[in-house]
Peer 1: 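Pasting in a structure now, in structure tokens, and then I'll have a few things to ask.
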2 protein chains.
Amino acid sequence: MTLKISVLGASGSIGRAALSLALSFSDLLEVTALAAHSNLAILNEQIRLFKPALVSVSTDELRRELASLLADLPRSLQPELVFGESGLISAAIDSGAQMVVSAVVGAAGLKPTWAAVNSHLKVALANKESLVLAGDLIMGKALGTLSPIDSEHSAIFQALGGRLRVPELKKIILTASGGPFRGFSRKDLESVTRQMALKHPTWSMGPKITVDSATMMNKGLEIIEAHHLFGLSYDQIEVLVHPLSLIHSMAQFHDGSILAQLGPADMRLAIAYALSYPERWPIVERAERLRAKSYKEELDHKKKPEGAVKDLSDYQALSSIPDLSFEPPDLHAFPAMALAQAAGRAGGLAPSILNGANEEAAAAFLDQKLSFIGISEVVGECLERLHSDERLESIDQALEADQRAKALAKQLIAKRF
Amino acid sequence: MTLKISVLGASGSIGRAALSLALSFSDLLEVTALAAHSNLAILNEQIRLFKPALVSVSTDELRRELASLLADLPRSLQPELVFGESGLISAAIDSGAQMVVSAVVGAAGLKPTWAAVNSHLKVALANKESLVLAGDLIMGKALGTLSPIDSEHSAIFQALGGRLRVPELKKIILTASGGPFRGFSRKDLESVTRQMALKHPTWSMGPKITVDSATMMNKGLEIIEAHHLFGLSYDQIEVLVHPLSLIHSMAQFHDGSILAQLGPADMRLAIAYALSYPERWPIVERAERLRAKSYKEELDHKKKPEGAVKDLSDYQALSSIPDLSFEPPDLHAFPAMALAQAAGRAGGLAPSILNGANEEAAAAFLDQKLSFIGISEVVGECLERLHSDERLESIDQALEADQRAKALAKQLIAKRF
């Protein structure tokens, strides 16, 4: 019995890693739909490899371009091509998939995730914005069908045996690598560049999330995500900087016991668990196969190949596990995490505003139109100026707040530039 | 609904810790039987506190002495008093207990454990010798009813969600504090004393197990115990020295993921989990009550009070978790662990011989009749001279081998003294 999956965000880092698993576990996984923003070269290859029934891209023009790229395929292998927001939703729910890998970047991931949840499909969630913007609405419907892909949340999910809500859970500790600027003072951060921010010490990820890691906004968004996933108050969520990123997070129970999950910094581990929980697939045993056939490697010529899923035994012997060290996060130099905590506690539309402003500000930084410390300043100002006591009652309301925040952030950034 | 428990080894370190829990969780636990070797002062107090129906001591003389100590009790509170091996078995199975806390020290724990298993009672096992001597026989009958109390095995049991056999389990890493002589060379060990061996850096335990920790024989016995409990080959069991004893052990799955259990060095945590699994009792929330009423504290005036169950938050904040470091065990200086691995791999009667010889040798060391390095030398010689290819088919056979080993060890020790 194969599990039919739809992969949203197929050309991104998580999407490609998920498809690399689908290649290695073709006996367990069948890909019925793919959606990508605009990377037609990757999509073209993926369609030929996985033969999905449905494929979505962001615009009608790209759809037509993709159709001509696929013209040589026999009619039986031609997928249905759709586009835009409705196309993305269709890729989530109309291909016969049993599980949606929701790995679109940003607030754009909310609508298709919401559609999948409402269609009672299982969702393996990498799009943390879905929970940041509308966590209460989503968790109200998806408690038994959602599994997290973020490595930190996967760590907690694993420590809880593949469950999201455990009455004995007292507290979680999200670990953070500290990013490329760990130890930098606020003054040091004034002069850091795009290039410096994109060099993450331990994880290879897309550019937006890498910048979020550098500002520690990513950890802030993860706090909000964890609040919703595990039903914890913000006081029950701590963050600990652990530069080696070997411990991915820890769960503490009301008897004082802590379970920590450790593993290699390879997203395929967390993705596989999100697909297979509470069981685990033998991804290390298929490591050679992954090494040989890694889809990510095949397509991603710019980066060095990641090769096989690393086992901790790659540290020659387990006896050479390096020392694990921990330190508190520096919220003075990295105020973004504190902003996210405050927005999470405020609830309502505040997390949507935070996230929208950050998407705009992080993009401007990547575009070299905003300084690094400007990111959290812009986010902070948007939160202050767009403050409202409105309760969150619909997905559209969250997306409107997101748009308002993006518009204001754009203005603030233009003024500074 | 209370759980009725029988505590064998009630006056020892584990027994008292279990009874301290029974005091704090009197709404959940009811003590129906107690067995102790000879400490009548402690037993007298325990009988008055817990009102068991049945109590066993080691000899008829002690039984009569205890009866006179209890003479002032009203007849309805007078427990049935029994003695010797049959008394110990009776304390396990005849008091109406649903679960037996098997915490007798040494090979003497095997018969009552075997009786409990054969009576289909649940067994919370601290007596590792039961598995060392007769693991195959016991696990053949107790797979669904046994829970480990040893902190390392409890850590694995917790990582497996309260299960002993998980098909995805690939390997376990038992952590070891390294004991009081970590870093000592074989030469350094020639002159260490009883007093030095009894100063364990992280755990407060009985004298026999503390000496076993110093020789690392304890870790060797734990390897054999883990082999039986979790159904792992000896190649799947590694040992890592982790001086802080914060990580109690780790389980690695076939997807490369590792779950590590961390916690304070307090046996009440592991005992409580062995009683409550897969649920967890709020032992931290009752910490104040434990602090006030700790039975161990009341009776154990010689030692400093252990106070409340320590939470990791006792490290001021979680952000001050100290660095965790690891190193390989030094099997040259500490050959006992390697002897135990070899005996485990040989199987049959070898583990019984190892354990019997070690019990005798450790006792002689505590008696100052054998040097520290003499312990593993005696054990090694007994293993060599009593080697047999006999298969283990009965409990009596294991106990006979234990006796043979003890007799030979006694001779070897006398010759050296």
Peer 1: Who among Pro278(B), Ser257(B), Ala251(B) has the most heavy-atom pairs with chain A under 4.5 Å?
Peer 2: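 Max contact count across the listed options: Ser257(B).
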Peer 1: Which residues in residues 159-168 of chain A have any heavy atom lying under 4.5 Å from a heavy atom of chain B?
Peer 2: Ala159(A), Glu168(A)
Peer 1: From Met250(B) CE over to Leu262(A) CG, what is the distance, rounded to the nearest 0.5 angstrom?
Peer 2: 6.5 Å
Peer 1: Measure distances from Ala260(B) to the heavy atoms of chain A and classify the residue's part below 4.5 Å as side chain, backbone, both or neither.
Peer 2: both
Peer 1: May I ask you to name which of Val241(A), Leu259(A), Asp323(A), Leu324(A) has the most heavy-atom pairs under 4.5 Å with chain B?
Peer 2: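 Ranked by contacts with chain B, first place is Leu324(A).
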Peer 1: Between CD of Glu279(A) and CZ of Phe253(B), what distance do you get to the nearest 0.5 Å?
Peer 2: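 Answer rounded to 0.5 Å: 13.0 Å.
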Peer 1: For Arg280(A) versus His254(B), what's the shortest heavy-atom pair and its separation?
Peer 2: O-NE2, 2.6 Å
Peer 1: Tell me the salt bridge (Lys or Arg N to Asp or Glu O under 4.0 Å) pairs involving residues 147-161 of chain B, sequence neighbours left out?
Peer 2: Lys128(B)-Asp150(B), Glu152(B)-Lys219(B)
Peer 1: For Gly256(B) and Leu269(A), which heavy atoms make the closest approach, and how far apart are they?
Peer 2: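 Shortest heavy-atom separation between Gly256(B) and Leu269(A) comes out as C-CD1, 4.1 Å.
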Peer 1: Shortest non-hydrogen contact from Ile283(B) to Asp255(A)?
Peer 2: CG1-O, 3.5 Å
